[in-house]
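To keep things clear, I will list the structure first and then write my remarks on it.
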Amino acid sequence: MRRKLPDRRKGYIQKAAVGGHKVYIHTGEYEDGELGEIFIDMHKEGAAFRSLMNNFAIAISIGLQYGVPLDEFVDAFVFTRFEPAGRVTGNDSIRSATSILDYIFRELGVSYLERQELANAEPEGLNPDGLGVVEDAEPVPAARFISKGFARGAAPDNLVVVPFGRKPASSSSAPPTEAVACPECGDFSLQNRGGGWICDTCGASPQMQG
């Protein structure tokens, strides 16, 4: 059964640039905050490419509404490689991507699935409450997170969000290790998982000692 989205829905818009190409991601959410649809807008691209991306977003949205887990889409499209690719600007969690699709599903994985391993920004910028590094725990106006138009003025002006800092660290914390450069893409994002090395940026799995 298809789970229809409400006529009036929440979501957010993320503007960024991948390899110098602007990308806008629009999301639509169910009442419980689950992702139900996406829209992808690109500028200065050909009409055919824009149409393909728009229809790709429609296909993903229909899949989500019919119950396909977002995890499946993320695992399928992260690390895909095609141009434009490279440096990402405008996103505080993602600094590089191997393609537009890689960037889009990294963003959705970080924002909706808390899969911080898909982010390649500095760890201090990934505070779980989304407010960045918290030093003095200053209250933040709720208007920064609540759409005034969606609430239709129901949210009072004096409503604030009080940051609580980071989540407590796991008791079984591993000792810190030095950053290792990937021999394929050169990024310092090589991680040792399950006895093997994998690059969080390009997905390469080089055979290395250690």
Side-chain angles (χ1 to χ4, degrees), residues 5 9-30 32-45 49-65 68-133 144-147 150 166-167 182 185 187-189 191 198-204:
L5 283 156
R9 62 201 69 160
K10 307 187 303 295
Y12 73 91
I13 301 173
Q14 172 70 58
K15 173 187 174 183
V18 179
H21 295 251
K22 289 183 181 178
V23 185
Y24 292 81
I25 304 174
H26 305 242
T27 68
E29 302 173 2
Y30 293 102
D32 59 3
E34 292 293 320
L35 180 66
E37 68 179 357
I38 63 170
F39 298 93
I40 304 169
D41 292 328
M42 298 190 66
H43 290 254
K44 298 182 180 180
E45 306 295 340
F49 187 77
R50 285 202 307 269
S51 297
L52 282 172
M53 294 301 291
N54 288 337
N55 284 276
F56 173 79
I58 292 172
I60 296 297
S61 301
I62 292 174
L64 291 170
Q65 292 167 29
V68 179
L70 179 58
D71 269 307
E72 295 293 331
F73 289 123
V74 171
D75 292 338
F77 293 109
V78 165
F79 300 127
T80 52
R81 285 178 167 274
F82 58 85
E83 295 296 329
R87 183 185 177 194
V88 175
T89 57
N91 191 303
D92 58 0
S93 297
I94 302 168
R95 293 289 184 257
S96 64
T98 58
S99 67
I100 294 292
L101 295 187
D102 176 61
Y103 162 71
I104 290 170
F105 286 95
R106 282 178 184 270
E107 164 61 28
L108 296 177
V110 171
S111 298
Y112 285 98
L113 302 176
E114 297 184 4
R115 291 183 56 174
Q116 300 296 353
E117 77 275 9
L118 298 176
N120 45 32
E122 294 78 6
E124 57 268 21
L126 303 179
N127 202 30
D129 57 15
L131 302 178
V133 179
R144 179 177 172 184
F145 305 101
I146 300 175
S147 167
F150 181 84
R166 301 178 182 176
K167 294 179 180 178
C182 173
C185 66
D187 276 9
F188 286 88
S189 54
Q191 303 291 332
I198 186 169
C199 177
D200 285 341
T201 299
C202 68

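Residues take their numbers from the sequence shown, with the count starting at 1.
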Side-chain (N91) to main-chain (Q14) donor-acceptor, under 3.5 angstrom: no
Close side-chain approach of I94 to N120, heavy-atom, < 4.5 Å: yes
CZ/R87: more than 12 non-hydrogen atoms of other groups inside 6.0 Å: no
Straight-line distance of F105 CZ to I60 CD1, nearest 0.5 Å: 4.0 Å
Side chain to side chain contact (heavy atoms under 4.5 Å, CB included) between I25 and I13, intermediate numbers included: CA-CA 6 Å; I25 304 174; I13 301 173; over 6 Å; no
Side chain to side chain contact (heavy atoms under 4.5 Å, CB included) assessment of F73 paired with L108: CA-CA 10 Å; F73 289 123; L108 296 177; over 6 Å; no
Gap separating the CZ atom of R81 from the OG1 atom of T98, nearest 0.5 angstrom: 5.5 Å
Atom pair OH (Y112) and CG (L70), whose distance is rounded to the nearest 0.5 Å: 9.0 Å
Chi angles and distances behind the side chain to side chain contact (heavy atoms under 4.5 Å, CB included) call for M53, I104: CA-CA 11 Å; M53 294 301 291; I104 290 170; 4.1 Å; yes
R106 side chain to L118 backbone, donor-acceptor under 3.5 Å: yes
Any donor-acceptor N/O pair, D102 side chain to A97 backbone, under 3.5 Å: no
Non-hydrogen side-chain atoms of E83 and V18 separated by less than 4.5 Å: no
Distance-minimising heavy-atom pair for Y30 and G36: CE1-CA, 3.6 Å
Within residues 71-80 or reaching into it, pairs that qualify as side-chain hydrogen bond (donor to acceptor under 3.5 Å, both in side chains) - sequence neighbours excluded: D71-R115, D75-R115, T80-S99
L5 and Q65: CA distance, side-chain angles, deciding distance, side chain to side chain contact (heavy atoms under 4.5 Å, CB included) verdict: CA-CA 8 Å; L5 283 156; Q65 292 167 29; 3.6 Å; yes
Separation between OH of Y103 and CD1 of I40, rounded to the nearest 0.5 Å: 10.5 Å
From OG1 (T27) to CZ (R9), nearest 0.5 Å: 11.0 Å
Enclosure of K10 NZ (heavy-atom neighbours >12, cutoff 6.0 Å): yes
Validation row: H26, I38 side chains within 4.5 angstrom (heavy atoms): no
